[in-house]
Protein chains: 4
Amino acid sequence: MKRNKPKYHQIIDAAVVTIAENGYHQAQVAKIAKQAGVADGTIYLYFKNKEDILISLFEEKMGSFVKKIQEALAGKTEAAEKLLLLVDHHFSILAEDRHLAVVTQLELRQSNKELRLKINGVLKDYLQLIDEVLKEGVEKGEFRPSLNIQLARQMIFGTIDETVTTWVMNDQKYDLPALSSEVGEMLLNGFSIR
Amino acid sequence: MKRNKPKYHQIIDAAVVTIAENGYHQAQVAKIAKQAGVADGTIYLYFKNKEDILISLFEEKMGSFVKKIQEALAGKTEAAEKLLLLVDHHFSILAEDRHLAVVTQLELRQSNKELRLKINGVLKDYLQLIDEVLKEGVEKGEFRPSLNIQLARQMIFGTIDETVTTWVMNDQKYDLPALSSEVGEMLLNGFSIR
Amino acid sequence: MKRNKPKYHQIIDAAVVTIAENGYHQAQVAKIAKQAGVADGTIYLYFKNKEDILISLFEEKMGSFVKKIQEALAGKTEAAEKLLLLVDHHFSILAEDRHLAVVTQLELRQSNKELRLKINGVLKDYLQLIDEVLKEGVEKGEFRPSLNIQLARQMIFGTIDETVTTWVMNDQKYDLPALSSEVGEMLLNGFSIR
Amino acid sequence: MKRNKPKYHQIIDAAVVTIAENGYHQAQVAKIAKQAGVADGTIYLYFKNKEDILISLFEEKMGSFVKKIQEALAGKTEAAEKLLLLVDHHFSILAEDRHLAVVTQLELRQSNKELRLKINGVLKDYLQLIDEVLKEGVEKGEFRPSLNIQLARQMIFGTIDETVTTWVMNDQKYDLPALSSEVGEMLLNGFSIR
DNA sequence: AATGAATGAGTGTTCATTCAT
DNA sequence: GATGAATGAACACTCATTCAT
């Protein structure tokens with residue numbers, strides 16, 4: 001399994017840095033290889049093609065992203081609390097890895113539709129996590145029984161995503177995690193029983 | 001003024017169709033020219049370069065988009081009503097122009113950072129319109145006085161945008177405008193006084 | 001006869017100015033037309049194509065150039081005197097028309113081989129004039145009887161041309177005509193009987 | 001160092017042949033690559049851009065040109081002899097490389113002013129060599145003490161250059177080196193003490 | 001005669017991928 | 001496994017010339 005070899009992660013991390021520093025369209029394979037300290041050809045021993053690097057990058061980073069958030073929510077009983085934690089961790093994780101934030105919010109979106117569809121596939125785990133929290137909230141009577149889960153999830157993800165993107169486009173110059181409770185409250189209000 | 005000549009709009013409309021049908025990276029100038037029924041060189045009598053076509057496209061379409069929504073809100077007195085109308089018109093306008101929806105939600109986002117910054121400049125008018133509705137709602141006591149306008153705007157825009165994008169990625173196969181009141185209500189709940 | 005219409009000369013003079021100020025490769029037909037104060041299409045009522053403008057330009061200017069020098073030599077009896085006068089007038093005429101000097105010495109030489117061959121045809125009158133002076137000098141016993149007329153002519157023209165080109169490339173910042181007698185004397189020494 | 005790799009010279013030689021046979025403006029990079037037996041992209045592993053090929057071509061060829069002439073003059077004591085040898089070798093070297101003669105005398109002069117300025121920089125070594133011979137001749141009393149070195153150099157270079165160009169334009173159909181002594185003598189007469 | 005909008009052929013350069021070593 | 005030299009397809013833009021008015 002290639003995933004277990006050191007060069008696999010070495011190349012993915014090099015890709016994150018290279019894309020963050022040069023932009024998506026200026027992150028040529030040769031540049032990533034140089035950043036990783038391997039030859040151009042070596043890349044192709046670990047990845048099928050350039051697209052495969054980017055998908056793998058997203059899978060690896062998003063996988064650990066979702067895992068961290070799942071761990072944070074484990075043991076909590078209230079859906080509202082879970083939602084607040086989710087927003088908070090989403091913001092915190094990206095605020096702690098500036099390179100990754102630039103790559104996921106700005107650069108990777110320049111990839112073509114095909115790649116973005118694959119990336120969306122990777123995102124599904126995260127969206128399902130959100131869905132579960134929402135369903136739980138409805139079942140437990142915390143949220144309105146009439147709540148349209150899909151719309152609510154789009155509201156949560158859209159709001160979080162837009163907030164992070166705006167922060168990245170403003171050069172990350174304000175404290176993103178500080179906004180999490182306010183964002184979380186606004187979202188909760190949207191779902192709650194009057 | 002080139003904007004008033006028929007070929008200017010002819011080329012922009014051709015660009016929308018070409019990009020929607022072929023994707024951003026497969027929308028070569030030659031293809032746009034052919035779709036517009038003009039020679040390649042004619043493009044450059046109306047646009048400085050390819051980027052200029054895309055920015056102009058966005059300006060023209062977004063300009064009329066904002067104008068339509070402004071007109072719809074004119075004469076309404078309640079901020080809540082305005083917000084619902086805004087969501088409804090946003091959905092309706094894009095649902096009525098499938099090509100434009102694909103271009104704005106998926107294809108144009110693949111452009112490089114530079115172009116996207118210019119596009120964001122064009123978006124400002126729309127974001128300001130949202131801000132005004134929010135401020136009005138706060139002043140009139142419809143929304144919480146403590147509402148963070150910027151965050152609320154990001155929630156509105158993020159939610160709408162994510163909802164439209166999901167709809168486009170699902171090949172526009174369900175009725176988007178039908179969702180507007182539900183989305184609008186969720187947003188309103190987020191801002192309202194308990 | 002197009003040569004007698006005012007626009008013919010208007011366009012040629014515009015070509016000289018445009019080429020001198022913008023360089024050969026930046027002297028587009030549209031720019032020449034604008035400088036001449038006519039429409040692009042009007043150029044083609046007076047000239048077959050762009051090359052024709054340049055050849056005509058050279059013919060007109062070189063024609064008057066040769067004529068002026070012929071007039072200067074008329075009535076002189078000694079070949080040596082004629083040669084000195086020829087160098088002197090060559091330098092003076094170009095020194096008095098800075099634009100023309102740039103065009104003939106630098107810019108027009110960037111034209112393709114074909115055009116340059118035609119230009120050489122135009123130059124023939126001038127080279128013949130030189131040949132006549134040389135033959136006269138040999139016949140009158142001023143120059144060596146063994147003088148190779150063709151080589152001597154190449155020496156004269158080559159020397160003059162190189163001197164003018166060097167002066168133009170140095171931005172015409174020294175007094176070219178002041179060098180004529182020295183150049184002329186060196187040439188004469190080359191041909192004279194010991 | 002790329003200069004030491006075989007493909008570097010392979011490409012330069014291909015450029016000489018391609019330009020000589022097709023003309024400056026018809027010598028596309030693709031044609032040069034084909035002539036060199038490499039892929040288009042390979043060119044750019046050895047040269048920054050097309051202009052770089054041409055400058056390098058001139059540097060390489062002119063460098064060896066000057067070197068050959070310097071070697072021929074080494075050990076000679078009289079300036080007159082050196083001048084005769086210089087003319088003779090100049091003619092002989094170009095007569096032995098018909099392609100190079102066409103390229104330097106006709107084709108490369110069609111390049112734009114910018115490239116020609118760089119080419120002139122390369123020529124400086126040659127002009128300095130001429131200057132040294134002239135100064136030596138004056139110091140040793142072979143040439144007139146009043147000799148204007150710059151003018152004399154322009155006479156030498158201009159005469160040689162015009163003679164070679166005329167020969168090339170006449171399709172190299174007569175024996176150029178056979179003219180060298182006559183040309184050399186005429187030049188020497190121009191500088192000598194009576 | 002004069003206009004100027006429209007035409008469309010032509011080309012240097014990049015970069016993901018391969019494969020002989 | 002690792003290398004990196006070599007490959008070659010793909011594309012925005014310019015400008016001389018035309019021709020309907």
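These values consider heavy atoms only, across backbone and side chains, with no hydrogens, waters or symmetry-generated copies. We name chains A, B, ... by the order of the sequence lines, and we start the count at 1 in each one.
The main-chain N or O of D:Arg109 is never found under 3.5 Å from a side-chain atom of C:Arg109 such that the two would form a donor-acceptor pair. Of the possible polar contacts, none joining the C:Glu107 side chain to the C:Gly23 backbone as a donor-acceptor pair under 3.5 Å is found.
OP1 or OP2 of E:dA2 lies within a sub-4.0 Å distance of a side-chain N or O belonging to C:Lys7.
We find that C:Lys61 and C:Asp13 are joined by a salt bridge, their nearest charged nitrogen and carboxylate oxygen being less than 4.0 Å apart. Residues A:Lys31 and A:Asp40 are not paired through a salt bridge, judged by the lack of any N-O separation under 4.0 Å between the basic side chain and the carboxylate.
For the pair B:Tyr46 and B:Asp52, the minimum side-chain heavy-atom distance is 4.5 Å or more. Side-chain contact check for A:Val102 versus A:Arg98: every heavy-atom pair is 4.5 Å or farther apart. Between B:Tyr24 and B:Leu54, some side-chain heavy-atom pair lies under the 4.5 Å cut-off. Side-chain atoms of D:Tyr44 and D:Val29, non-hydrogen and from C-beta on, do get closer than 4.5 Å to each other.
With sequence neighbours left out, C:Phe47 forms a ring-ring contact (aromatic ring centres under 6.0 Å, His included) with C:Tyr8. Every ring-ring contact (aromatic ring centres under 6.0 Å, His included) that D:His25 has, sequence neighbours left out, goes to C:His25.
The outermost nucleotides of DNA chain F lying under 4.0 Å from heavy atoms of chain B, listed 5' to 3', are F:dC11 to F:dT14.
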* Asked: Using Watson-Crick and G-U wobble pairs with both distances under 3.5 Å, what is the 5'-to-3' dot-bracket string of DNA chain E, with [ ] for crossing pairs and | for pairs outside the strand?
  -> .||||||||||||||||||||
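Near-neighbour residues of DNA chain E inside residues 16-29 of chain B, defined by a heavy atom below 4.0 Å, are absent. For the segment residues 39-55 of chain D, residues with any heavy atom less than 4.0 angstrom from an atom of DNA chain E are, sorted by number, D:Asp40, D:Gly41, D:Tyr44, D:Asn49, D:Lys50.
From A:Lys7, atom NZ reaches atom CG of A:Leu45 across 8.5 Å, with rounding to the nearest 0.5 Å.
Residues A:Gly37 and C:Ala30 each lie close to DNA chain F; by heavy-atom proximity, the contact nearer the 5' end of the strand is made by A:Gly37.
Across all non-hydrogen atoms, the minimal contact from C:His99 to C:Ala20 is CD2-CB, 3.5 Å.
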* Run the side chain to side chain donor-acceptor pair (under 3.5 Å) check on D:Asn22 and D:Gln28 step by step: do they pass? -> CA-CA 9 Å; D:Asn22 300 277; D:Gln28 296 91 342; over 6 Å; no
